[in-house]
Amino acid sequence: MKTRLIGTSIGLALLLWFNNAMAILTIEITQGVEKGLPIAIVPFAWEGANKPAHDIAQIVEVDLVRSGRFTSLSPKDFLSYPQKDTDVDFKDWRLIKAEALLIGSVRELKPGRYQVEFRLFDVFKKAQLAGYRYVVGSEMLRAAAHQISDIVYEKLTGEPGAFSTRIAYVTKEVSNRTHIYKLQIADSDGYGPVTAVKSKEPLMSPAWSPDGQKLAYVSFERKRSMVYVQNVADGKRQMLAEFEGINSAPAWSPDGRRMALTLSKDGNAEIYIMELATRALRRLTRNSAIDTEPAWSPDGRQLVFTSDRVGQPQIYRMNADGSGVERLTFEGSYNARPSYSADGKTLALVTLQGGRYHIGTLQLDNLALQTLTDTQLDESPSFAPNGRMLLYATEIRGKGVLASVSADGRTRHTYRFEMGEVREPAWSPYNQQLRYKE
Amino acid sequence: MVVTQAIRISHDHPEGGIKPFAYSLAIHLMIVALVGLSFHWSASNQILPQHIIKAVIVEQGATEPPKEEKKTEEVKPKEDSKQKKIEQEKARELEKKKQTLAEEKKRKALEVKKKQEAEKRRKQAEQSLQEMLQQEEAEAQQAAKAAQAASLVDQYKVAIRQKVSRNWVRPPAARSGLQCMVRVRLVPSGEVLEAKVVRSSGDTVFDRSVENAVYKAAPLPIPQDTELFDFFREIEFLFSPED
């Protein structure tokens with residue numbers, strides 16, 4: 001009897017043990033893959049007589065892939081080509097392991113007027129994440145496409161997209177043994193450049209106002225450097241700095257009311273701040289070395305700049321009143337052209353590594369320097385307003401070209417331009433041009 | 001990386017193992033004691049009949065003298081009172097003999113009964129020992145099976161972890177410190193019936209990436225053995241990015 005009792009208790013203990021063993025298994029995942037989110041972009045359906053020149057789905061695809069955050073699945077692998085939400089069979093997309101599905105259509109309402117519609121789906125949740133309809137003229141089709149890219153990007157990454165932005169850059173062409181410099185403004189993908197300024201003398205350092213409505217730049221059109229400010233919309237411009245000596249490196253304060261400049265009117269290149277309303281100047285640096293390339297922190301309280309006060313260019317930071325100067329870069333013999341990311345945590349810069357000029361980032365919390373590019377003569381980096389990409393210029397086969405790199409350095413993209421050399425790019429802030437309705 | 005729950009499971013193993021072990025030890029001691037006791041009993045039972053037998057021999061020896069008396073009777077037939085006395089004695093002895101015979105019979109019966117009882121007890125003890133051994137063996141088999149299962153489960157866990165990791169497109173916003181727990185129901189083919197966030201990271205994109213990773217990893221490498229599959233019918237993934 002006793003043994004049986006004990007036997008029972010053993011059985012019970014065993015049962016308990018098994019029950020514990022049967023508790024839900026937990027598997028911890030600490031590593032993932034560092035690649036783009038797989039998205040299937042189905043060519044948009046078309047209804048109408050005159051097919052528009054722009055392929056919306058393709059523009060969206062190029063945008064998303066260039067960001068480095070997406071991998072676009074090849075339409076050759078698609079099992080179906082849904083055009084309406086009712087056509088979507090999620091199984092087809094699960095099979096090819098798409099995490100997101102974008103479908104849409106373009107309908108011609110009347111010549112030159114289109115209705116663009118799209119829907120974004122979460123394939124595994126079988127749920128629509130976004131769906132919008134636009135009515136636009138043919139001239140706004142690309143803008144609509146970039147807007148779609150922004151929405152897709154934001155829905156899938158949780159961060160705002162920066163596709164509906166513009167870039168400014170300077171081109172140099174040679175014709176009839178004379179140089180032609182142009183300050184160009186284009187869509188973020190480099191499409192549709194519009195010439196803002198044209199000159200036979202060099203143009204340099206375009207800088208966007210915080211509202212994206214104006215550009216400051218340096219022009220040598222009068223044989224010496226001068227700083228101008230120009231409206232993007234109507235091309236009207238005004239002279240901002242024509243002091244004796246160097247007038248260069250304009251940088252708007254985040255509130256748009258002040259401009260930091262490099263002037264040598266007092267004998268040496270120093271950094272000044274100009275109140276735009278009164279043109280009053282305030283000198284920030286007093287140093288026998290060259291101090292230049294100022295850039296504002298997003299909160300407007302500090303500036304970073306390049307100085308060769310230790311005999312080689314390095315990056316420094318100071319308060320907006322010129323106090324509290326501190327050196328930020330210590331690695332390598334050349335670090336220059338700093339600019340802030342929108343969150344103020346990172347600087348983009350040009351760094352000399354192994355005899356080559358590369359684009360790098362400096363984390364301001366620990367001053368860690370990361371090189372993002374492996375090309376040479378990389379210059380003029382600027383962050384996209386969402387901080388996820390950088391635009392810069394580089395040289396390929398002796399010719400200056402535009403390029404972009406994701407902030408983690410993984411994805412690089414070179415812009416194709418037909419004419420001349422490209423230099424001095426600057427990425428615009430956000431702008432909202434297009435209204436859309438659900 | 002060893003999984004927290006897995007650690008808990010493997011910690012349960014020795015914990016759950018000690019108790020039954022203690023029990024089985026106690027039982028074994030009991031069995032040994034029991035068996036020893038029953039041997040003791042049967043030993044005294046065996047000694048007892050020997051005594052009885054000896055006693056019987058003594059009494060047989062006691063019956064022999066009357067034969068000598070008979071001889072004496074033949075030698076001295078005329079001694080009447082003597083004869084009477086002898087006869088009386090004879091009768092008494094007969095009576096005594098009968099009595100001892102009966103007693104002997106009784107004792108023998110008792111002896112047989114005791115023997116049988118001892119046998120019965122021994123058989124019982126043997127049987128319970130046998131039962132215990134069988135139970136013990138079953139238990140050992142179960143433990144071995146469980147251990148084997150545990151190691152198999154671990155192997156499958158590694159395979160599953162690898163497949164899900166390969167399919168997890170980690171968003172840049174997935175900093176270390178963010179955590180998301182997904183409960184997943186599986187069918188025996190390894191297909192995901194349902195993946196549900198049971199503990200959100202607070203970041204929609206992170207949570208979605210995690211669910212998608214599980215769905216994309218399907219079919220998951222799970223055991224074909226139905227008993228083993230039970231471990232995987234419902235599992236949890238703790239997504240905890242490391243830099």
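Chain naming here is simple, since letters A, B, ... match the order of the sequence lines and numbering starts at 1 in each.
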To the nearest 0.5 angstrom, please state how far the CD1 atom of A:Ile27 sits from the CZ atom of B:Phe232.
6.5 Å

Please state whether the side chain, the backbone, both or neither of A:Ile96 comes within less than 4.5 Å of a heavy atom of chain B.
neither

To the nearest 0.5 Å, tell me how far A:Ile29 CD1 sits from B:Phe237 CZ.
5.5 Å

Give, as side chain, backbone, both or neither, the part of B:Val153 having an atom under 4.5 angstrom from any heavy atom of chain A.
side chain

With heavy-atom distances below 4.5 Å as the criterion, would you say the side chains of B:Trp168 and A:Val33 are in contact?
no

Go through B:Val184, B:Val169, B:Val158 and name the one with the most non-hydrogen pairs under 4.5 angstrom from chain A.
B:Val169

Close side-chain approach of B:Glu211 and A:Phe124, heavy atoms under 4.5 Å:
no

Closer than 4.0 angstrom, basic N to acidic O: yes or no for B:Arg161 and A:Glu28?
no

Below 4.5 Å, heavy atoms only, C-beta onward: do A:Thr26 and B:Lys157 meet side chain to side chain?
no

Relative to chain A, which segment of B:Asp203 carries a heavy atom at a distance below 4.5 Å: side chain, backbone, both, or neither?
neither

Which region of B:Arg233, side chain (C-beta onward) or backbone (N, CA, C, O), has a non-hydrogen atom less than 4.5 Å from a non-hydrogen atom of chain A, or is it both or neither?
neither

Per-residue contact mode, A:Asp122 against chain B (heavy atom under 4.5 angstrom)
side chain

So how far is it from B:Glu236 CD to A:Ile24 CD1, rounded to the nearest 0.5 Å?
4.5 Å

Exam field: side chain B:Arg170 to backbone A:Gln31, donor-acceptor pair closer than 3.5 Å:
no

Taking side chain as everything from C-beta outward and backbone as N, CA, C, O, which of these in B:Ser165 sits under 4.5 Å from a heavy atom of chain A? Side chain, backbone, both or neither.
both

A:Glu34 atom CD, over 12 foreign heavy atoms within 6.0 Å
yes

A:Lys97 versus B:Asn167: any side-chain heavy-atom pair under 4.5 Å?
yes

In terms of heavy-atom pairs under 4.5 Å with chain B, the winner among A:Leu37, A:Val123, A:Leu156, A:Thr71 is A:Leu156

Quick check for you: to the nearest 0.5 Å, what is the distance between B:Gln179 atom CD and A:Thr30 atom OG1?
11.0 Å

